[in-house]
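All figures in this text were calculated on a predicted structure; none of them were measured in a lab.
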Amino acid sequence: MLGRPVHQIIQTSARRACGASPLKRNLHTNGTPASKTSRSWASPALALTTGATFAYLAFGNSTLHAEAKSLLPGKNSSVVNLEDAKDLNGWTEPGVYLWGDNRGRVIAPESSDICIRNPRRISFFDGKVLRDLRIGVAAAVAVSASGDIYQWGVDYDSEAKAPELTLKGKNIERVEMSTDTIFALSKDGMVYSVPISRKEQLEGKKPKESALFGLSSTSSPISYRILQPALGFGEKVSGIAAGDSHLVLLTSAGNVFTAAASADYPTRGQLGIKSLTWATRPPGPFDMCHRVELPKGSSKIVQIAAGDLHSVLLDSEGKVYTFGDNTFGQCGFDADLDKDSFETPTRIPSKYFTSAKDQDPHVRKISAGGNNTFYIVDSDTTMSTRRGSSNVETEEVYASGKGIWGNLGNGKWTHMQGHPTRIKALSRLFEFDDATNSTSPIRVAYLAAGKTHSAAVLSNKSHANLTEEGTNIGSDVLFWGANQTAQLGNGKKNNFSSPQNVLPLRYDRSKIDILGGPDTLIETKRLQVMPPTRMKTDAGNVVVEQRVYCGAGVSAVYSKVK
């Protein structure tokens with residue numbers, strides 16, 4: 001226990017927050033002020049949210065996220081009811097919210113504005129849920145609840161004013177984009193390669209498709225190709241990840257294949273095949289799939305990720321392998337002018353992922369985007385209380401690569417970072433449950449890594465009941481990195497070098513200059529996304545969650561069917 005009961009601290013926070021003077025307090029276990037390092041997390045995160053007051057408090061080397069009821073009077077006294085009435089985070093109406101760079105007209109196809117500061121709903125998707133969404137500089141692709149693909153943006157068609165149906169009837173589950181190609185993975189493991197350009201779709205070679213139960217065939221309405229890796233019996237493609245010019249495929253057997261993914265053939269080793277170039281490629285289509293050989297001792301690959309010019313693999317034992325461009329250290333090794341890329345998978349030493357020398361860390365998740373790689377690592381934390389100390393399983397988050405815009409998230413503006421650096425604001429987090437009078441770790445549900453900015457969605461305790469009055473708490477979202485096109489969601493263009501809370505989806509950013517700046521508003525309202533919740537949608541009565549996506553200067557929140 002803390003020197004001062006935690007519930008007293010939180011209740012005090014609630015009273016002061018309701019009086020527009022939120023308490024910013026971060027305490028060690030003895031009740032004394034914490035260091036400036038731990039305060040950097042607490043200051044922007046203390047907030048009134050949907051139904052509860054949250055505070056982040058230091059617990060030794062960890063951080064505590066505490067929760068308590070609001071003290072506002074009246075029948076509908078909790079903050080959640082007031083917030084839900086306004087639905088500031090867009091829970092009750094499924095749809096797609098986008099903000100940031102609009103030069104390619106992916107946020108507001110009908111608008112000529114080059115920068116959209118307020119999250120904007122695409123009316124075409126109002127009331128609709130999606131399976132997946134990807135946003136590029138000037139092209140966007142969405143997968144409907146029925147598995148059909150819709151496209152928009154000037155790279156698709158400069159005249160298109162709304163998303164248009166392009167690939168139908170393939171039961172697509174996931175999509176990825178390179179600079180000029182869409183890759184779509186169906187539920188049965190088929191991988192489709194589709195040109196982004198509508199002109200190329202209409203003018204390119206159209207494959208034959210069976211019709212009338214296979215008794216006849218007809219040409220496809222658009223041009224596409226099917227990628228065919230050499231799979232074993234019963235094996236199928238289970239995951240895909242794409243960079244600017246390469247595609248990585250993961251199979252159900254844990255094997256990895258790569259393929260060229262654009263008109264520009266990969267040249268930085270991101271295919272993972274030694275000495276493979278345009279000139280040395282084997283006979284066959286330029287985008288043929290190549291099986292990647294892993295170092296001896298590696299286990300089954302369970303996750304894949306891709307940045308612009310590099311690839312990342314995670315095996316079942318928590319070991320990470322990278323290959324491709326390492327100019328900024330994005331492969332997890334110090335940049336070297338004599339060796340600025342890796343042609344084959346190279347394991348990142350486990351010792352790079354620990355702040356305690358006696359630990360044997362296990363990487364749980366990976367993510368990559370642009371020139372950055374992120375690693376979520378299991379870790380043990382010693383928690384000290386009045387009753388003694390105990391080891392608790394938590395996690396740490398690390399990053400490597402380019403950080404000149406703050407996109408490493410470690411509080412620094414580092415041009416290049418080889419050895420993975422810890423993101424303190426996302427590491428060793430805890431939350432206090434007032435009902436059970438106990439603490440539990442908060443993990444990172446997932447990282448959305450964009451080209452120059454990223455977001456983390458936390459797995460804090462959440463609850464959503466959209467049909468009855470009660471406490472509704474969403475998953476906290478924090479952004480960091482470049483903000484030149486207002487993609488971070490704070491209404492301005494200042495970069496973040498460490499993860500920060502941002503404003504809710506439906507809050508008017510134009511008010512921040514009148515009311516004292518974004519920090520004042522963040523302390524009372526912040527973005528939280530809806531956890532998995534059953535609701536009525538265009539796809540029927542299904543389980544839906546809000547997902548966060550970061551693209552090239554663009555951010556998105558969309559309603560995803562589970």
*asked:* What verdict does the side chain to side chain contact (heavy atoms under 4.5 Å, CB included) test give for Val320 and Leu313, after you've listed the backbone C-alpha separation in whole Å, the side-chain angles of each residue and the deciding distance to 0.1 Å?
replied: CA-CA 6 Å; Val320 180; Leu313 313 177; over 6 Å; no

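- Minimum heavy-atom separation, Gly481 to Leu488: O-CD1, 3.4 Å.
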*Before giving the answer on side chain to side chain contact (heavy atoms under 4.5 Å, CB included), spell out for Lys461 and His463 the whole-Å C-alpha distance, their side-chain angles and the decisive distance to 0.1 Å.*
CA-CA 7 Å; Lys461 293 183 185 300; His463 172 76; over 6 Å; no

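- Inter-residue side-chain proximity for Thr327 and Arg268 is flagged as met; some heavy-atom pair is nearer than 4.5 Å.
- We find that Asp378 and Arg443 are joined by a salt bridge, their nearest charged nitrogen and carboxylate oxygen being less than 4.0 Å apart.
- Not a single donor-acceptor pair under 3.5 Å links the side chain of Glu173 to the backbone N or O of Val143.
- Considering every non-hydrogen atom in both Trp91 and Ile473, the closest pair reads CH2-C, 3.7 Å.
- When all heavy atoms of Cys550 and Ser555 are compared, the pair lying nearest together is SG-OG, 4.4 Å.
- For the residue pair Asn490 / Asn483, a side-chain donor-acceptor distance below 3.5 Å is found, with atom types taken as modelled.
- With Lys319 contributing its side chain and His362 its backbone, the two residues share no donor-acceptor pair below 3.5 Å.
- The closest donor-acceptor contact from the side chain of Arg347 to the backbone of Pro295 lies at 3.5 Å or more, if one exists at all.
- Note: Asn371 CG to Asp325 CG = 6.5 Å, rounded to the nearest 0.5 Å.
- In the model, Glu317 has a side-chain atom that pairs as donor or acceptor with a side-chain atom of Ser299 under 3.5 Å.
- The aromatic rings of Phe333 and Phe342 are tilted relative to each other, their planes meeting at an angle between 30° and 60°.
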_Between Val554 and Gln487, does the side chain to side chain contact (heavy atoms under 4.5 Å, CB included) criterion hold? Intermediate values first, please._
CA-CA 5 Å; Val554 178; Gln487 65 263 45; 5.8 Å; no

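- Here CG of Leu314 is found 12.5 Å from NZ of Lys300. Values are rounded to the nearest 0.5 Å.
- Side-chain atoms of Leu130 and Val96, non-hydrogen and from C-beta on, do get closer than 4.5 Å to each other.
- Judged by distance alone, the side chain of Ser427 and the main-chain N or O of Val397 form a donor-acceptor pair under 3.5 Å.
- Here the OG1-CZ distance, from Thr258 to Arg291, works out to 12.0 Å after rounding to the nearest 0.5 Å.
- Between Leu294 and Ile301 the shortest side-chain heavy-atom distance falls below 4.5 Å.
- A 4.5 Å side-chain heavy-atom check between Val502 and Val477 finds every atom pair outside the cut-off.
- When Leu458, Asp476, Leu505, Val457 are each tested for a side chain to side chain contact (heavy atoms under 4.5 Å, CB included) with Val529, only one passes: Val457.
- One distance of note links CG of Leu447 with CD1 of Ile423; it measures 7.0 Å at 0.5 Å rounding.
- Minimum heavy-atom separation, Gly418 to Ser400: O-CB, 3.4 Å.
- In this structure, Asp315 contributes its side chain and Val302 its backbone to no donor-acceptor pair below 3.5 Å.
- Classification of Lys451 and Asp244 as a salt-bridged pair holds, one side-chain N sitting under 4.0 Å from a carboxylate O.
- Between the Ser262 side chain and the Asp264 main chain, a donor and an acceptor come within less than 3.5 Å of each other.
- With no hydrogens or angles considered, a side-chain donor-acceptor pair links His246 and Ser311 at under 3.5 Å.
- To the nearest 0.5 angstrom, Gln528 atom CD is 7.5 Å from Ser475 atom OG.
- Paired with Phe328 under the rule side chain to side chain contact (heavy atoms under 4.5 Å, CB included), one option of Gln417, His310, His415 passes, and it is His415.
- Arg534 places none of its side-chain heavy atoms less than 4.5 Å from the side chain of Lys562.
- Checked against the 6.0 Å centroid criterion, the rings of Tyr97 and Tyr558 do not qualify as a close aromatic pair.
- By the 4.5 Å heavy-atom criterion applied to side chains, Lys402 and Gln330 are not counted as neighbours.
- Salt-bridge annotation for Glu395 and Arg364: present, with a side-chain N of the basic residue lying under 4.0 Å from a carboxylate O of the acidic one.
- Checking side-chain atoms of Arg131 against main-chain N and O of Ile172 turns up a donor-acceptor pair under 3.5 Å.
- Taking CH2 of Trp405 as the reference point, atom OG1 of Thr452 lies at 6.0 Å (rounded to 0.5 Å).
- Within the 3.5 Å criterion, the main-chain N or O of Gly553 finds a donor-acceptor partner in the side chain of Thr485.
- Two residues are said to be in side-chain contact when any heavy atoms from C-beta on lie closer than 4.5 Å; Phe479 and Val548 meet this criterion.
- Between Lys236 and Asp188 the shortest heavy-atom distance is CD-O, 3.9 Å.
- Of all the heavy atoms in Phe374 and Leu408, the pair that sits closest is CE2-O, 4.3 Å.
- Only one option out of Tyr352, Tyr398, Phe353 pairs with Tyr375 in a ring-ring contact (aromatic ring centres under 6.0 Å, His included); it is Phe353.
- For the 3.5 Å distance criterion, the side chains of Gln500 and Ser498 qualify, holding a donor opposite an acceptor.
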*Working for side chain to side chain contact (heavy atoms under 4.5 Å, CB included), residues Leu185 and Val237*: CA-CA 8 Å; Leu185 175 63; Val237 178; 3.8 Å; yes

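- No side-chain donor-acceptor contact under 3.5 Å links Ser341 and Asn326.
- Between the side chains of Glu235 and Thr251, at least one donor-acceptor pair of N or O atoms lies under 3.5 Å.
- In this structure, His290 and Leu276 have side chains that are in contact, with non-hydrogen atoms separated by less than 4.5 Å.
- Side-chain N/O atoms of Asn372 and Asn407 include a donor and acceptor closer than 3.5 Å.
- Ion pairing between a basic and an acidic side chain is recognised when a charged N comes within 4.0 Å of a carboxylate O; Lys560 and Glu545 show no such pairing.
- For Trp99, the ring-ring contact (aromatic ring centres under 6.0 Å, His included) test picks out no residue, with sequence neighbours left out.
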